[in-house]
Colleague: 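Right, I'll just put the structure down here and ask away after.
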Amino acid sequence: MGKIYLTSNEIGTMWTQYIQNSLYIQILKYFLETVEDNKIKELIQDSLILSERINNEIKSVFEHEDIPIPHGFNDQDVNLKAEKLFLDPFMIQFLEHTLKAGVIAHGSTLIVSTRKDIRQFFTETTEDSLRLFNKCTDLALSKGLLVRAPSIKVQPDIEYVEKKKYMSSFSNRPLNMVEITHLFENIKTNTVGEMITMAFAQTTNNDTVKKFMNRGLKISQKHIRIFQKTIKESYIDAPIGSNSYVTNSKNRVFSDKLMMHFLSVVLTAAGQGNYSTASTASLRNDLILSYQRLAAEIAGYAKDGADIMIEHGWLEEPPQAPDRKQLITD
């Protein structure tokens with residue numbers, strides 16, 4: 001049997017993971033320098049080891065296949081000597097968010113891959129990410145830092161939808177458990193986004209980047225209010241996180257390139273994916289329309305962020321197929 005080359009799926013997903021892991025590595029290194037709680041420090045260290053192992057493996061595969069190694073992010077994108085910007089509770093929330101994303105990313109790479117070595121590696125990294133996510137959740141619970149979903153007593157009988165009124169915006173029916181789940185999770189992720197944009201806005205001296213971060217902060221706060229209002233209308237207590245886990249430090253920690261990539265590529269992609277999933281899972285028309293409208297707002301924000309990154313030469317191109325038209329005409 002001849003050599004089995006990487007597929008476009010394998011190259012594309014591994015390239016994306018390399019870029020994002022190189023970003024997380026810099027953030028985790030900074031967390032290690034500023035964390036105070038030893039248990040949280042251990043979790044950060046484990047997460048850093050996993051991210052570095054993934055990138056080392058991807059780099060090895062790319063080198064063997066003669067594929068250019070992405071630049072991504074490096075030590076020049078973080079100031080490890082900067083004073084503490086995030087309090088320890090935020091670090092747990094950040095890890096919860098990124099480990100969830102990691103499980104999805106590694107699992108997605110696994111299911112679109114065909115080469116046995118690639119499948120085996122991402123089977124292992126998916127399992128490692130799940131192990132760390134469970135460790136993170138247990139730690140957050142033990143410290144009283146986990147924002148839990150509301151506990152609700154459900155109706156005793158199984159019922160079927162009998163009228164289209166069930167899906168109407170004007171029926172005023174209570175939210176079902178699936179709808180509550182997505183509203184709750186989107187409040188949590190927007191709370192993380194709120195703190196990140198706040199921290200990034202106060203530590204950059206680039207007016208364009210500061211303006212972009214402040215705009216993202218207002219979007220996160222608006223979306224949180226909308227989701228909380230929807231939950232409260234069903235007489236359910238909306239989850240309340242905390243945006244007070246950012247210190248008053250104005251010292252630069254991360255490069256503008258890293259901050260812009262994290263906001264306009266990583267977080268916005270996650271937000272759009274969450275809203276799309278929530279839209280398809282919800283049965284009330286007002287929820288569906290709300291998610292679609294808010295997703296469009298995020299898409300516009302991401303587009304403006306990409307324009308800023310292109311203008312400053314911060315947006316790295318993914319690997320591309322050969323331009324056959326140019327090859328033919330040359």
Colleague: Return yes if some donor-acceptor pair links the side-chain N/O of S108 with the main-chain N/O of I104 below 3.5 Å, else return no.
Modeller: yes
Colleague: Strictly below 4.0 Å, N to O, side chains only: are K143 and D88 in salt-bridge contact?
Modeller: no
Colleague: What's the spacing between Q221 CD and R225 CZ if we round to 0.5 Å?
Modeller: 6.5 Å
Colleague: Between E96 and K100, does any NZ, NE, NH1 or NH2 come within less than 4.0 Å of an OD or OE carboxylate oxygen?
Modeller: yes
Colleague: Look at the side chain of Q45 and the backbone N and O of L32, then say whether any donor-acceptor pair between them is shorter than 3.5 Å.
Modeller: no
Colleague: Can you confirm whether I118 sits close enough to L6 that some side-chain heavy atom of one is under 4.5 Å from a side-chain heavy atom of the other?
Modeller: yes
Colleague: Where do N214 and A201 come nearest, in terms of heavy atoms and distance?
Modeller: OD1-CB, 3.6 Å
Colleague: Does F122 belong to the same Ile/Leu/Val/Met/Phe/Trp/Tyr cluster as V112, with side-chain heavy atoms less than 4.5 Å apart forming each link?
Modeller: no
Colleague: Check whether any side-chain heavy atom of I69 lies under 4.5 Å from a side-chain heavy atom of K59, and answer yes or no.
Modeller: yes
Colleague: Return the minimal non-hydrogen interatomic distance between M14 and T109, and the atom names on each side.
Modeller: CG-CG2, 4.4 Å
Colleague: Main chain of E52, side chain of N55: is a donor-acceptor contact present, judged purely on distance under 3.5 Å?
Modeller: no
Colleague: Show your reasoning for whether side chain to side chain contact (heavy atoms under 4.5 Å, CB included) applies to D256 and H312.
Modeller: CA-CA 10 Å; D256 290 326; H312 289 82; over 6 Å; no
Colleague: Count I, L, V, M, F, W, Y as connected when their side-chain heavy atoms are under 4.5 Å apart, and connections chain through other members. Are I49 and L28 then in the same cluster?
Modeller: no
Colleague: Output yes when a side-chain donor or acceptor of E316 lies under 3.5 Å from a complementary backbone atom of H71, and no otherwise.
Modeller: yes
Colleague: Indicate, with yes or no, if M213 and I310 share a hydrophobic cluster defined by side-chain heavy-atom contacts under 4.5 Å among Ile, Leu, Val, Met, Phe, Trp and Tyr.
Modeller: yes
Colleague: Counting distance only, does the side-chain N/O of S60 pair as donor-acceptor with the main-chain N or O of N56 below 3.5 Å?
Modeller: no
Colleague: Identify the heavy atoms of F262 and F200 that sit nearest to each other, and give their distance.
Modeller: CD2-CE1, 3.9 Å
Colleague: According to the interplanar angle, ranging from 0 to 90°, do the rings of F254 and Y30 count as parallel (below 30°), tilted (30 to 60°) or perpendicular (above 60°)?
Modeller: perpendicular
Colleague: Using the rule that Ile, Leu, Val, Met, Phe, Trp and Tyr join whenever any side-chain heavy atoms are under 4.5 Å apart, tell me whether L183 and I226 fall into a single cluster.
Modeller: yes
Colleague: Would the distance check show the side chain of T189 and the main-chain N or O of N186 forming a donor-acceptor pair, the cut-off being under 3.5 Å?
Modeller: yes
Colleague: Hey, are R284 and D286 close enough for a salt bridge, meaning a charged N less than 4.0 Å from a carboxylate O?
Modeller: yes
Colleague: Please step through side chain to side chain contact (heavy atoms under 4.5 Å, CB included) for the pair E36 and K84, ending with a clear verdict.
Modeller: CA-CA 10 Å; E36 298 170 16; K84 193 176 182 73; 3.6 Å; yes
Colleague: So, do N274 and E185 sit near enough that their side-chain heavy atoms are less than 4.5 Å apart?
Modeller: no
Colleague: Can any side-chain N or O of K250 pair as donor or acceptor with the backbone N or O of T203 at less than 3.5 Å?
Modeller: no
Colleague: Got a second to check how far L132's CG is from T137's OG1, nearest 0.5 Å?
Modeller: 10.5 Å
Colleague: What's the separation between atom CG in N190 and atom CD in Q228, rounded to the nearest 0.5 Å?
Modeller: 10.0 Å
Colleague: Determine whether a donor-acceptor pair (N or O, by modelled atom type, separation under 3.5 Å) exists between the side chain of R293 and the backbone of A295.
Modeller: no
Colleague: Parallel, tilted or perpendicular: which one describes the rings of F86 and F31, with boundaries at 30° and 60°?
Modeller: perpendicular
Colleague: Using only atom types and a distance under 3.5 Å, with no angle test, would you say the side chain of E179 pairs donor to acceptor with the backbone of N176?
Modeller: yes
Colleague: Could E233 and K229 be called an ion pair, given the rule that one side-chain N must be under 4.0 Å from one carboxylate O?
Modeller: yes
Colleague: With the side chain counted from C-beta on, respond yes when F212 and M259 share a heavy-atom pair under 4.5 Å apart, and no when they do not.
Modeller: no
Colleague: So, do I19 and H261 sit near enough that their side-chain heavy atoms are less than 4.5 Å apart?
Modeller: yes
Colleague: Sub-3.5 Å donor-acceptor pair from the side chain of T13 to the main-chain atoms of N9, do we have one?
Modeller: yes
Colleague: For L99 and S129, which heavy atoms make the closest approach, and how far apart are they?
Modeller: CD2-O, 4.3 Å
Colleague: Any donor-acceptor pair under 3.5 Å linking the side-chain atoms of Q17 with those of H106?
Modeller: yes
Colleague: Could you grab the distance from atom CD1 of I54 to atom CZ of F121, nearest 0.5 Å is fine?
Modeller: 5.5 Å
Colleague: Within this structure, what is the CD-CG distance for the pair Q76 and L258, rounded to the nearest 0.5 Å?
Modeller: 12.5 Å
Colleague: Can you name the one residue among T247, N248, N251, T34 that meets side-chain hydrogen bond (donor to acceptor under 3.5 Å, both in side chains) with E83?
Modeller: N251
Colleague: So I92 and C136, do their side chains get closer than 4.5 Å, heavy atoms only?
Modeller: yes
Colleague: Going through the checks in order, is the side chain to side chain contact (heavy atoms under 4.5 Å, CB included) test met by I187 and I231?
Modeller: CA-CA 10 Å; I187 289 173; I231 289 180; 3.9 Å; yes
Colleague: Tell me the closest heavy-atom pair linking Y301 and G216, and the distance in Å.
Modeller: OH-CA, 3.3 Å
Colleague: Report the relative orientation of the aromatic rings in Y275 and H223; use parallel for angles under 30°, tilted for 30 to 60°, perpendicular for over 60°.
Modeller: tilted
Colleague: Is there side-chain contact between L263 and T268, with at least one heavy-atom pair below 4.5 Å?
Modeller: no
Colleague: In this structure, are over 12 heavy atoms from other groups packed under 6.0 Å from K39 atom NZ?
Modeller: no
Colleague: Can we say D207 and K211 salt-bridge, meaning some charged N sits less than 4.0 Å from an Asp/Glu carboxylate O?
Modeller: no
Colleague: How about L139 and I40: do any of their side-chain heavy atoms sit closer than 4.5 Å?
Modeller: yes
Colleague: With a cutoff of under 4.5 Å between side-chain heavy atoms, which Ile, Leu, Val, Met, Phe, Trp and Tyr residues group with L130?
Modeller: V103
Colleague: Applying side chain to side chain contact (heavy atoms under 4.5 Å, CB included) to I196 and F94, what does each step give before you reach the verdict?
Modeller: CA-CA 9 Å; I196 288 173; F94 178 87; 4.2 Å; yes
Colleague: Which atom pair, heavy atoms only, marks the closest approach of S51 to Y24?
Modeller: OG-CB, 4.4 Å
Colleague: Are there more than 12 heavy atoms of other residues, nucleotides or ligands under 6.0 Å from atom NZ of K41?
Modeller: no
Colleague: When rounded to the nearest 0.5 angstrom, what distance separates CG in N21 from OG1 in T125?
Modeller: 9.0 Å
Colleague: Would you say L175 ends up clustered with V178 if hydrophobic residues are merged whenever their side chains have heavy atoms under 4.5 Å apart, either directly or through other cluster members?
Modeller: no
